Protein chains: 2
Amino acid sequence: MTNVQNAKGEPDAVVPDLGPLESSLGYRLRRVQLRVFEDFARAFAEIGLRPTQFSVLVVIARNPGLRQSEVAHALGIQRTNFVPLVDSLESRGLLERRLSQQDRRSYALHLTEEGSAILTRALAAHQAHEERLAALLGPELRNRLLADLPKLDELLRREAGAANR
Amino acid sequence: MTNVQNAKGEPDAVVPDLGPLESSLGYRLRRVQLRVFEDFARAFAEIGLRPTQFSVLVVIARNPGLRQSEVAHALGIQRTNFVPLVDSLESRGLLERRLSQQDRRSYALHLTEEGSAILTRALAAHQAHEERLAALLGPELRNRLLADLPKLDELLRREAGAANR
DNA sequence: TATTGTTATACTCTATAACTATA
DNA sequence: TATAGTTATAGAGTATAACAATA
């Protein structure tokens, strides 16, 4: 355990020793991700979209007509769990399920006008959020993380793929 | 949209354009964290501990006698949500709540012998998991991430602290 | 037979409000 | 009055099994 002091020189709370968690990639990623999502939540409070909902709107806007399961797969969400997610966005009038002509089992997803309008505001909020982080981190640290994190993702994706064969 | 090919030269599924998510720190962190936790889950399947439970045992082992809320705070978990977590570990016989003498409102947390024994196995599994990641990433990328992620965490911690004052 | 979307279900995680017993 | 632990509760996120309609 370590005693630290705050800016005023008062003794701060005792900081417990985290042992192997300190150098654990998973632990570090979880803690940092939660912090970043807190900031995201603040930026998106007025808009009323959670990170996952935002990501769904983004993917549909940039790839209109994708099938439900394609969007789900692109975002790493199971088909099963994607249904209520799409339900919520559809009942808010932000997207439409259109019956596909080629394959009548599937729906093609499209944004409504309202969905596009909200997405415009959301994209601005997202950019402001990213710029806030960028100002905090500096370009060097930010760019390094944005280069390193996908590398880790890709390496693990191949590993997992190989393991599931 | 981009068409990619797999190793056999067969056309893989169409890869949707993720737009601003590609360079979103929050999105990147979330995806990578989930991948790393998948690997963690594989490593811990036989042991039967989830990441959070593991982290609780680690902190108690290295700081025996901490109060419940101190452990919760160290791990970024709310007191409220920490109760059932400690309940589950206590009912499995891995830790004990001991009534504090100085402050009879609080419990001091200690591992049982069985808790220590399981933690020994868990620490080995965790090390193997980290070493697997290290072998995949190489020392340079791994060390850079383990240096950069706490930096980001610390910068956001100060920001959030300032915002809540 | 396999796939798309769906329902039902269960467990974990997270968040808020309010209680109790101590301080 | 404030704090430590608790209860109750509700909303998300994630996971599996099984079904109908369609391919």
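Bear in mind that the values here come from a model prediction, so they are computed numbers and not experimental data. Just so it is clear: chains get the letters A, B, ... in the order the sequence lines come, proteins before strands, and each one is counted from 1.
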Heavy-atom closest pair, residues [X] and [Y]:
| X | Y | value |
| --- | --- | --- |
| A/R62 | B/P20 | NH1-CD, 3.9 Å |
| A/S23 | B/E130 | O-OE1, 3.7 Å |
| B/I77 | A/R30 | CG1-NH2, 4.3 Å |

How many Å lie between [atom1] on [X] and [atom2] on [N], as a whole number?
| X | N | atom1 | atom2 | value |
| --- | --- | --- | --- | --- |
| A/L66 | C/dT4 | CG | C1' | 14 Å |
| B/N81 | D/dG11 | CG | P | 16 Å |
| B/I77 | D/dA4 | CD1 | C1' | 16 Å |
| A/L85 | D/dA12 | CG | P | 10 Å |
| A/F82 | D/dG13 | CZ | P | 12 Å |
| B/Q78 | D/dA10 | CD | P | 17 Å |
| A/E38 | C/dT14 | CD | P | 11 Å |
| A/L99 | C/dT4 | CG | P | 15 Å |

Show which side-chain atoms of residues 45-61 of chain B pair as donor or acceptor with protein atoms under 3.5 Å away, not counting sequence neighbours.
| residue | atom | partner | partner atom | Å |
| --- | --- | --- | --- | --- |
| B/Q53 | OE1 | B/R50 | N | 3.0 |
| B/S55 | OG | B/T52 | O | 2.6 |

Bend angle of the helix from C/dT1-D/dA23 to C/dA23-D/dT1, end axes from five pairs each (to 10°): 0°
With a 4.0 Å heavy-atom cut-off, tell me which residues in residues 46-57 of chain B come close to DNA chain C, sorted by residue number. B/R50, B/T52
Can you list the residues that meet the salt bridge (charged side-chain N to carboxylate O under 4.0 Å, His left out) rule with B/E38, with sequence neighbours excluded?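 Residues passing salt bridge (charged side-chain N to carboxylate O under 4.0 Å, His left out) with B/E38: none at all.
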Quick one: NZ on A/K151 to CG on A/L156, what's the gap to the nearest 0.5 Å?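 One gets 14.0 Å once the value is rounded to the nearest 0.5 Å.
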Choose from [options] the nucleotide whose nearest atom is closest to any side-chain atom of [X].
| X | options | value |
| --- | --- | --- |
| B/V83 | D/dA4, D/dT14, D/dT7 | D/dT7 |
| B/Y107 | D/dG5, D/dA15, C/dG5 | D/dG5 |
| A/S69 | D/dA4, C/dT4, D/dT14 | C/dT4 |

Compare all side-chain heavy atoms of B/L109 with those of B/R67 and state whether any distance is below 4.5 angstrom. no
Is there a side-chain contact between A/R144 and A/L141 in this structure, where contact means two heavy atoms from C-beta onward sitting under 4.5 Å apart?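 Yes, side chains in contact.
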Same cluster or not: are A/L155 and B/L133 linked, directly or through other Ile, Leu, Val, Met, Phe, Trp or Tyr residues, by side-chain heavy atoms under 4.5 angstrom apart? yes
Any chain of hydrophobic side-chain contacts (each under 4.5 Å) joining B/L29 to A/L146?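 Per the 4.5 Å side-chain linkage, B/L29 and A/L146 are co-clustered.
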Quick one: do B/Y27 and B/L18 satisfy side chain to side chain contact (heavy atoms under 4.5 Å, CB included)? Show the steps, please. CA-CA 10 Å; B/Y27 179 75; B/L18 298 183; 3.6 Å; yes
Specify the residue among A/D87 and A/R30 whose closest nucleotide of DNA chain C lies further upstream toward the 5′ end.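 Upstream on the strand: A/D87.
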Could you encode protein contacts along nucleotides 17-23 of chain C as a string, one character per nucleotide from 5' to 3', using B for base contact, S for sugar-phosphate-only contact and - for no contact, with a heavy-atom cut-off of under 4.0 Å? B---BBS
Contacts table for residues 118-128 of chain A: side-chain donor-acceptor under 3.5 angstrom, sequence neighbours left out:
| residue | atom | partner | partner atom | Å |
| --- | --- | --- | --- | --- |
| A/T120 | OG1 | A/S116 | O | 3.0 |
| A/H126 | NE2 | B/S24 | OG | 3.2 |
| A/Q127 | NE2 | A/E131 | OE2 | 3.0 |

